[in-house]
Novice: 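Okay, handing you the structure first.
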There are 2 protein chains.
Amino acid sequence: MPMRVTADDVARAAGVSRAMVSRAFTPGASISMRKREHVHSVAQRLGYRPNLIARGLTGQRTGLIAVVVGEISRPYEAWLLEHLVKALSTQGYQPLLLAVQGGSLTEMLDHALAYQVDGAIVAAGLVSREIADRCRASGAPLVLIGRVLEKSATDAVCCDNKEGMRLLAARLAGQGRRRLAWLGGTLDTFSDQERGRALEASLADHGVTLLTRRRGDFSQASGVIEGGRLLDAGLGLDGIICANDAMALGVLDAAAQRGIKVPDDLAVTGFDDVPGAALGRCPLTTVRNPVSETAHAALELLKARLQTPGRATQVVRVGVTLVERTSA
Amino acid sequence: MPMRVTADDVARAAGVSRAMVSRAFTPGASISMRKREHVHSVAQRLGYRPNLIARGLTGQRTGLIAVVVGEISRPYEAWLLEHLVKALSTQGYQPLLLAVQGGSLTEMLDHALAYQVDGAIVAAGLVSREIADRCRASGAPLVLIGRVLEKSATDAVCCDNKEGMRLLAARLAGQGRRRLAWLGGTLDTFSDQERGRALEASLADHGVTLLTRRRGDFSQASGVIEGGRLLDAGLGLDGIICANDAMALGVLDAAAQRGIKVPDDLAVTGFDDVPGAALGRCPLTTVRNPVSETAHAALELLKARLQTPGRATQVVRVGVTLVERTSA
DNA sequence: CGCAATTTTGCACGCGCTTTCAAAACGGAG
DNA sequence: CTCCGTTTTGAAAGCGCGTGCAAAATTGCG
């Protein structure tokens, strides 16, 4: 039963008051240099570290940030999560990880709020206006990633889906491909909707319309299945545009199984440029979704709002670039 | 500036003492049914939720568990993390996510301990005896995943690497393959060491010795590079055993680039059976590492020790199975 | 050396909750 | 109606720390 060493212990051992110990560990507090060093050395000797839970009780800050993602095992989510964690911890925040998988977002956020998180970064789930308001009411700012609320009711950062699709459409049209199909992701997903819509619009600018479309669940496995259906439909497709890389990789597999030559007979494009898109049988032509930039932008938005709660909500659109590889 | 509603507010509104509010939210506390329901309804109306930070200050429990992983963007880590998070949150724990990427494990754990985590699950980094002791001293049990300390100084759960390698060796030897190479992962990694050693031992039982070996960093990209070197060495290899799936997938790419037929000319095996191993050009023959079971076992060990701090340390070896697909 | 201006320090209160402990309310037996 | 054994309740003491405030120590200057 190990008794944790507290500020009182250090104070006693250092022959000062407990307040001094507290100040010694508070940057910018009123304390003489000598004393601070002395306290620090004694603390070190005793193995003392301020109890951040107790500290969080008084101050307005716990340093905890709720991070909500979907299925972590999906490449993009994992990739984003990695950058978020990195960004948060180098800025002195601690990520409280929540994964929505069937569970309700509202419930998860409630639980996180009970831990007095300083804020939340949500990259998954359906975020309603109501949820956003609830967070605001609890004083925990919310930043969305990859989804924006109508009337931009919440700070958000999202890649420029429209531009990405414009680039892809231009490329495909430039190659003279006209028999195209769209492989979307889970319905009710912001990325899916925005990308799908942007694709049709951009294609229209080139006088092309989609021959058909199907829907997967953003997983590689679903790419294989739905891609196969697309190819088996006998439409003579010469291009399949996918809502993300994982599905595109799946489509590539489906094409290979059928002996279809990529990119000669069929072009396949992804979205995100996850690590792994460049690898494999046929390096993917895709749109680079800058996750690192995204993660940092999200954190910046969060910090800005923490500092100025009243500021106008802001939606950051991070720029994308076309990554031309061999699949298209 | 939203004032959080506290137990006092509820007490006042419900006409009871604050102690009653606390008890109303403490399962099994001494309180009449009527009163509990009454308090609950008032709390609901006011939008009250117990402040878990404050609760953690008094009680011995914060409900926080430090989860340490390596690079989340690696399939196995992401997969494991997903299961860990799921397991933890369904049991009422909250994962505090730490990613070691260059940063020191000791430092990370120190930081987590400052948050009074109830325990830590570590699936990455070099865990020294010293670190383990430090955690124990802080009263936060440590459970290792995929690594065990000498003399099993810490609770740990790890898949049966030896058995996995035995199965692989038997399979390869049974196919009459004798010109084999080993593609290991990062040195100083427990999995790498145990798997590599077990492979040689099992191979020896079949009268086979490795022709050569190289080392990647567990990433698919490194599989492409090192696999390529292996194939270009002109050794006439007929099998490459990889320390994990990602590298095996990379080797498959390297082989395809060189027009080498798998499995006819070359067998390639992985380890873990991550989602994605079954997909792609050539479904991977590999060893299934049961992550879900692993995650649950880790949590069980943690809970057991939380309940009985003095119990003997235990190392759980979760069973593996050979997954025969086409790559070998 | 004296006095005002300026750090530096300690006391004590509070953050929101849990948890003894003793008092109050209850309930049934005599 | 009383007495005693049981719940049920409220008052109060923390949990470990931050911080405003006033006292103490230090400094600068005459």
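Values reported hereafter were calculated over all heavy atoms of this structure, with side chains retained and with hydrogens, waters and symmetry mates removed.
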Novice: Just jot down the side chain to side chain donor-acceptor pair (under 3.5 Å) partners of B:T189, sequence neighbours excluded, or say none.
Specialist: none
Novice: Separation of A:R12 atom CZ from D:dG16 atom P, in whole Å?
Specialist: 11 Å
Novice: For B:D110, check side chain to side chain donor-acceptor pair (under 3.5 Å) against everything at least two apart and list the hits.
Specialist: B:R134
Novice: Please collect all ring-ring contact (aromatic ring centres under 6.0 Å, His included) contacts where either partner lies in residues 6-25 of chain B, sequence neighbours excluded, each pair once.
Specialist: B:F25-B:H40, B:F25-B:Y48
Novice: Would you mind building the protein contact string for nucleotides 4-10 of chain C? One character per nucleotide, 5' to 3', B for base within reach (heavy atoms under 4.0 Å), S for sugar-phosphate only, - for untouched.
Specialist: ----BBB
Novice: Got a sec, which residues hit side chain to side chain contact (heavy atoms under 4.5 Å, CB included) with A:E194, two or more places apart in sequence or on another chain?
Specialist: A:C158, A:N161, A:F190, A:R317
Novice: Could you tell me how far apart A:R49 (CZ) and D:dG16 (C1') are, to the nearest whole angstrom?
Specialist: 15 Å
Novice: Is B:F25 touching bases, backbone alone, or none of the nucleic acid, heavy atoms closer than 4.0 Å?
Specialist: nothing
Novice: Who are the ring pair (Phe, Tyr, Trp, His ring centres under 6.0 Å) partners of A:H111, not counting sequence neighbours?
Specialist: A:Y115
Novice: What integer distance in Å separates A:R55:CZ from D:dG18:P?
Specialist: 4 Å
Novice: List for me each residue that meets side chain to side chain donor-acceptor pair (under 3.5 Å) alongside B:D9, sequence neighbours excluded, and say none if there are none.
Specialist: none
Novice: Just call it for B:T6: base, sugar-phosphate, or nothing, with non-hydrogen atoms closer than 4.0 Å on any strand.
Specialist: sugar-phosphate
Novice: In whole angstrom, give the distance that lies between atom CZ of B:R34 and atom P of C:dC26.
Specialist: 10 Å
Novice: Is the distance from OP1 or OP2 of C:dG16 to the nearest side-chain N or O of A:Y115 less than 4.0 Å?
Specialist: no
Novice: Provide, to the nearest angstrom, the distance between the CG atom belonging to B:L57 and the C1' atom belonging to C:dC15.
Specialist: 9 Å
Novice: Just N and O in the side chain of B:S22: are any of them under 4.0 Å from OP1 or OP2 of C:dC17?
Specialist: no
Novice: Is it true that a side-chain atom of B:T62 and a backbone atom of B:Q116 form a donor plus acceptor pair closer than 3.5 Å?
Specialist: yes
Novice: Rounded to whole Å, how long is the line connecting atom CG of B:L52 with atom P of C:dC15?
Specialist: 19 Å
Novice: Rounded to the Å, how far apart are B:N51 CG and C:dG16 C1'?
Specialist: 6 Å
Novice: When you measure from the side chain of B:E77 to the backbone of B:G70, do you find a donor-acceptor pair of N or O atoms at a distance under 3.5 Å?
Specialist: yes
Novice: Kindly calculate the angle separating the two end axes of the helix from C:dC1-D:dG30 to C:dG30-D:dC1, each obtained from five base pairs, and round it to 10 degrees.
Specialist: 40°
Novice: Mind checking side chain to side chain donor-acceptor pair (under 3.5 Å) for B:Q314 and listing every partner two or more places apart, or none if nothing turns up?
Specialist: B:R311
Novice: Expressed as a whole number of angstroms, how long is the span from A:I53:CD1 to C:dC15:C1'?
Specialist: 13 Å
